[in-house]
Amino acid sequence: FLCALRPATAADLRLAGHALGEPRERASTDTSFDCVRPAVRGFTATCTARAPHAIQIGAVPLRFFALHYEGEKLVAVEAHLPELRFQEAAQALAATSGEASVEIERLRSGMGSIFENAIHVWRDADAVLRLEQFFRSIATSSAILTTESHLGKLVIPKVTNERTGIKDL
């Protein structure tokens, strides 16, 4: 069950101060990032924040923050935050990026509970900023800034029950 409520566009999308296309040198010379670890999910380089809680979306501290590169250019920004602060993050992103389109999907947790997962999406040219309420668990939300072509590297498709249309978390 998906429901697109409102179309949205935004100029110069950013996530936690980062925009697509930034040079890798910005993070590799910043001591608050670890760029030594191997790249993940098919990117050529990944830099992770050493203290993600010091980075915020609005006033929401993050649990995880990574910058993903292809060559020397930033192609994806990935952030995880507490689900309990999802609405606050959505309001902060709307304040800086404008109104989002919102999709609602029905999910079933591992314990069998069924609930609604809100996904807010902002678009600007080729950029996509996606805020998902339940990302891989009921306790974690995610914010991802990337392009349509890279989104599949970061968002794992959920299995849908053909009979009920409900997706498994």
Side-chain angles (χ1 to χ4, degrees), residues 1-30 32-35 37 39-49 52 54-81 83 85-105 107 116-136 140-158 160 167:
F1 165 62
L2 290 176
C3 175
L5 300 176
R6 297 174 231 129
T9 58
D12 192 26
L13 292 176
R14 295 179 148 312
L15 183 57
H18 294 273
L20 300 182
E22 288 178 356
R24 186 167 75 180
E25 182 181 17
R26 177 178 174 194
S28 62
T29 58
D30 184 338
S32 64
F33 284 95
D34 178 2
C35 298
R37 296 182 183 166
V40 296
R41 300 185 187 103
F43 296 103
T44 59
T46 297
C47 297
T48 55
I55 302 169
Q56 299 180 336
I57 296 175
V60 179
L62 303 179
R63 290 182 175 163
F64 173 82
F65 188 76
L67 305 172
H68 302 288
Y69 297 86
E70 281 194 359
E72 295 300 313
K73 292 200 176 213
L74 182 64
V75 295
V77 180
E78 178 182 10
H80 300 177
L81 56 134
E83 187 280 329
R85 308 282 301 268
F86 171 81
Q87 288 299 333
E88 190 177 343
Q91 291 170 354
L93 289 173
T96 60
S97 301
E99 193 172 334
S101 64
V102 180
E103 299 174 0
I104 305 295
E105 64 181 7
L107 295 180
E116 292 184 345
N117 181 29
I119 302 170
H120 297 237
V121 179
W122 293 263
R123 295 183 187 281
D124 177 25
D126 192 35
V128 176
L129 175 55
R130 183 178 191 274
L131 178 67
E132 183 173 358
Q133 185 174 6
F134 299 108
F135 183 74
R136 300 185 188 157
T140 302
S141 295
S142 72
I144 295 171
L145 173 62
T146 191
T147 62
E148 278 300 334
S149 61
H150 291 99
L151 192 58
K153 292 181 178 183
L154 298 165
V155 177
I156 300 166
K158 298 174 185 80
T160 303
K167 297 180 179 189

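All values below were derived from every heavy atom in this structure, side-chain atoms included, with hydrogens, water molecules and symmetry-related copies excluded. Owing to the predicted nature of the structure, the values given are computational and were not obtained by experimental measurement. We count residues from 1, following the sequence as given.
- Residue E116 holds its CD atom at 9.0 Å from CD of Q133, rounded to the nearest 0.5 Å.
- Distance check, rounded to the nearest 0.5 Å: CG of L81 to CD of Q56 gives 11.5 Å.
- Annotation: side chain of E105 is in contact with side chain of E132 (closest heavy-atom distance under 4.5 Å).
- Listed by chain and number, the residues in a side chain to side chain donor-acceptor pair (under 3.5 Å) with E25 amount to none (sequence neighbours excluded).
- Applying the side chain to side chain contact (heavy atoms under 4.5 Å, CB included) criterion to E88, with sequence neighbours excluded, gives A59, V60, R85.
- The minimum heavy-atom distance linking A76 with L20 is given by the pair N-CD2, 3.8 Å.
- Not a single salt bridge (charged side-chain N to carboxylate O under 4.0 Å, His left out) links R63 to another residue, sequence neighbours left out.
- Ring planes of F43 and H150: parallel class, angle under 30° (limits at 30 and 60°).
- The main-chain N or O of F134 is found under 3.5 Å from a side-chain atom of N117 such that the two form a donor-acceptor pair.
- T48 places no side-chain N or O within donor-acceptor distance of the main-chain N or O of A66, the cut-off being under 3.5 Å.
- For F86, the ring pair (Phe, Tyr, Trp, His ring centres under 6.0 Å) criterion is met by H120, not counting sequence neighbours.
- In this view, E83 satisfies the salt bridge (charged side-chain N to carboxylate O under 4.0 Å, His left out) rule with no residue, not counting sequence neighbours.
- What you find for H18 and L145 is that their closest heavy atoms are O-CD2, 3.5 Å.
- Looking at L154 and H68, their side chains come closer than 4.5 Å, going by heavy atoms from C-beta outward.
- Taking the side chain as every heavy atom from C-beta outward, R14 and T96 never approach each other to under 4.5 Å.
- A distance-only check finds no donor-acceptor pair linking the side chain of S97 to the backbone of A94 [under 3.5 Å].
- When all heavy atoms are compared, the tightest approach of A143 to L15 is O-CD2, 3.5 Å.
- S142 OG to I119 CD1: the interatomic distance, rounded to the nearest 0.5 Å, is 8.5 Å.
- Distance OG1/T147 to NZ/K153: 8.5 Å, rounded to 0.5 Å.
- Checked by atom type and distance alone, the side chain of T46 pairs as donor or acceptor with a backbone atom of V40 at under 3.5 Å.
- The two atoms that bring H80 and F135 nearest to each other are NE2-CE2, 3.5 Å, heavy atoms only.
- Residues satisfying the salt bridge (charged side-chain N to carboxylate O under 4.0 Å, His left out) criterion with D34, sequence neighbours excluded, are R37.
- Taking both residues in full, the closest heavy atoms of P52 and F65 are given as CB-N, 3.9 Å, listed atom of the first, atom of the second, then distance.
- Taking each heavy atom of L67 and A27 in turn, the nearest pair found is CD1-CB, 3.7 Å.
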Take V128 and I144 through the side-chain contact (heavy atoms from CB on, under 4.5 Å) test and state the conclusion after the steps.
CA-CA 8 Å; V128 176; I144 295 171; over 6 Å; no
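- To the nearest 0.5 Å, atom OG of residue S141 and atom CD of residue Q87 are 9.0 Å apart.
- Distance alone, capped at 3.5 Å, is enough to place a donor-acceptor pair between the T44 side chain and the G71 backbone.
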